[in-house]
Amino acid sequence: MALNLQTDRMIARIDQGIGWMVFNNPKRHNALSLEMWRGIAEIVEYFESARDVRVVVMRGAGEKAFVSGADITEFDKNRSSAVQEQDYGKVSARGARSLASMTKPLIALITGYCIGGGLATALHADIRFATPDSTFGIPAAKLGLGYDYEGLAKLSRIVGPARARDILFSARFLSAEEAFQCGIVQFISERDSIESDVTEYAERIANNAPLTVRAAKAAVNAFESQPDDDTIQEVRSLVRDCFNSQDYKEGRKAFAEKRRPKFSGT
């Protein structure tokens, strides 16, 4: 099922429990425009509320890029001053927050360039697949612009402060292999198999108990953000929900009957 969106620069569809979100600006290597940020928030909101979506995959259209960064052609029109940047930032921040707060598993399928805002977007994913020819980097130091704290903090947590300084200060690009070694990427797949590899992996997640997966994601996210007591109690509440669920009964019954469980998310 395809979603009817307010922009054609984003594409969204649902297929067998997987929500697909596509950055559709291939002429500019899928550089993120203002309308694309609005589309991201719209898509995530729908996927979050859709019971038939168990996992979300985001990818770029075409073969050359996941996302190559922000659409620089908009800078003179929408980001030429601090005031304009603040307005632009409100829209992009809403899109970024929607990715960061997603309770369902999020996978990034990366081919080609994953640069600047593209890397920041990919880092919102729980799991990242890339092709061997993918390229990663944050060239902000070559453009004179600044990056928000949240994105750089996320990068530092994933790769470590020393590696983050290297990536940011040098503005150099990383190969897929180096990105794998430092934790940016979890899997490397050949171009002719990455879509099927990601689909198979996403289906594996979609077939698992949704409440368990949600509680696990919440726990890991809480650990990563140095949680307060309220956040920890929220995670514990999600864990209790698992033990009180119909899915827990179904899981035990399926195990005893030596069959595959059919989880409903309730």
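Partners of R214 by salt bridge (charged side-chain N to carboxylate O under 4.0 Å, His left out), not counting sequence neighbours: none found. With sequence neighbours excluded, the residues forming a side chain to side chain contact (heavy atoms under 4.5 Å, CB included) with A171 are A141, K142, listed by chain and number. Residues passing the side chain to side chain contact (heavy atoms under 4.5 Å, CB included) test with D228, sequence neighbours excluded: D230, T231. The salt bridge (charged side-chain N to carboxylate O under 4.0 Å, His left out) search around R260 returns none, not counting sequence neighbours. Every residue two or more places apart in sequence or in another chain that forms a salt bridge (charged side-chain N to carboxylate O under 4.0 Å, His left out) with D15 is listed here: R13. Checked against side chain to side chain contact (heavy atoms under 4.5 Å, CB included), Q246 has the following partners two or more places apart in sequence or in another chain: K249, T266. Residues meeting the ring pair (Phe, Tyr, Trp, His ring centres under 6.0 Å) test with F263, sequence neighbours left out: none. Looking at residues two or more places apart in sequence or on another chain, you find a ring pair (Phe, Tyr, Trp, His ring centres under 6.0 Å) between Y113 and H29. Remark: D241 engages no residue in a salt bridge (charged side-chain N to carboxylate O under 4.0 Å, His left out) (not counting sequence neighbours).
No donor-acceptor pair under 3.5 Å is formed between the side chain of N25 and the backbone N or O of L32. Distance alone, capped at 3.5 Å, is enough to place a donor-acceptor pair between the Q186 side chain and the G183 backbone. Side chain of S68 to backbone of R28: a donor-acceptor contact under 3.5 angstrom is found. Of the possible donor and acceptor atoms, one in the side chain of S225 sits under 3.5 Å from a partner among the backbone N and O of N221.
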With a 3.5 Å cut-off and sequence neighbours excluded, list the donor-acceptor pairs that the side chains of residues 151-160 form with protein atoms.
| from | atom 1 | to | atom 2 | distance (Å) |
| --- | --- | --- | --- | --- |
| K154 | NZ | E224 | OE1 | 3.0 |
| K154 | NZ | E224 | OE2 | 3.4 |
| S156 | OG | L152 | O | 2.9 |

Show which side-chain atoms of residues 104-111 pair as donor or acceptor with protein atoms under 3.5 Å away, not counting sequence neighbours.
| from | atom 1 | to | atom 2 | distance (Å) |
| --- | --- | --- | --- | --- |
| K104 | NZ | F47 | O | 2.7 |
| K104 | NZ | E48 | O | 3.4 |
| K104 | NZ | A50 | O | 2.6 |
| K104 | NZ | V53 | O | 2.9 |

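Here side-chain hydrogen bond (donor to acceptor under 3.5 Å, both in side chains) pairs that include residues 120-130, with residues two or more places apart or in two chains, are D126-K217.
A salt bridge is absent between R97 and E150: the closest approach of a Lys/Arg side-chain nitrogen to an acidic carboxylate oxygen does not fall below 4.0 angstrom. Note on E178 versus R172: salt bridge recorded, some NZ/NE/NH1/NH2 to OD/OE distance being below 4.0 Å. Remark: E203 does not engage R54 in a salt bridge, criterion side-chain N to carboxylate O under 4.0 Å.
No side-chain donor-acceptor contact under 3.5 Å links T199 and S196.
Residue Q181 places its CD atom among more than 12 non-hydrogen atoms of other residues, nucleotides or ligands, all under 6.0 Å distant. No more than 12 heavy atoms of other residues, nucleotides or ligands sit less than 6.0 Å from atom CZ of R94. Counted within 6.0 Å of CZ on F180, heavy atoms from surrounding residues, nucleotides or ligands total 12 or fewer; the atom is thus considered open. More than 12 heavy-atom neighbours from other residues, nucleotides or ligands sit within 6.0 angstrom of CD on E257. The 12-atom threshold is exceeded at CZ of R191, counting heavy atoms of other residues, nucleotides or ligands nearer than 6.0 Å.
One finds the CD atom of Q6 at 10.5 Å from the CD atom of E35 (value rounded to the nearest 0.5 Å). Put simply, CG on D197 and CD on E200 are 7.0 Å apart, with the number rounded to the nearest 0.5 Å. Within the model, atoms CD of E195 and OG1 of T131 stand 12.5 Å from one another, a figure rounded to the nearest 0.5 Å.
Residues G265 and R51 share a closest heavy-atom pair of O-NH2, 4.1 Å.
With C242 as reference, L211 is the one residue of D247, V213, L211 to meet the side chain to side chain contact (heavy atoms under 4.5 Å, CB included) rule.
With a 4.5 Å cut-off on side-chain heavy atoms, R9 and S33 count as touching.
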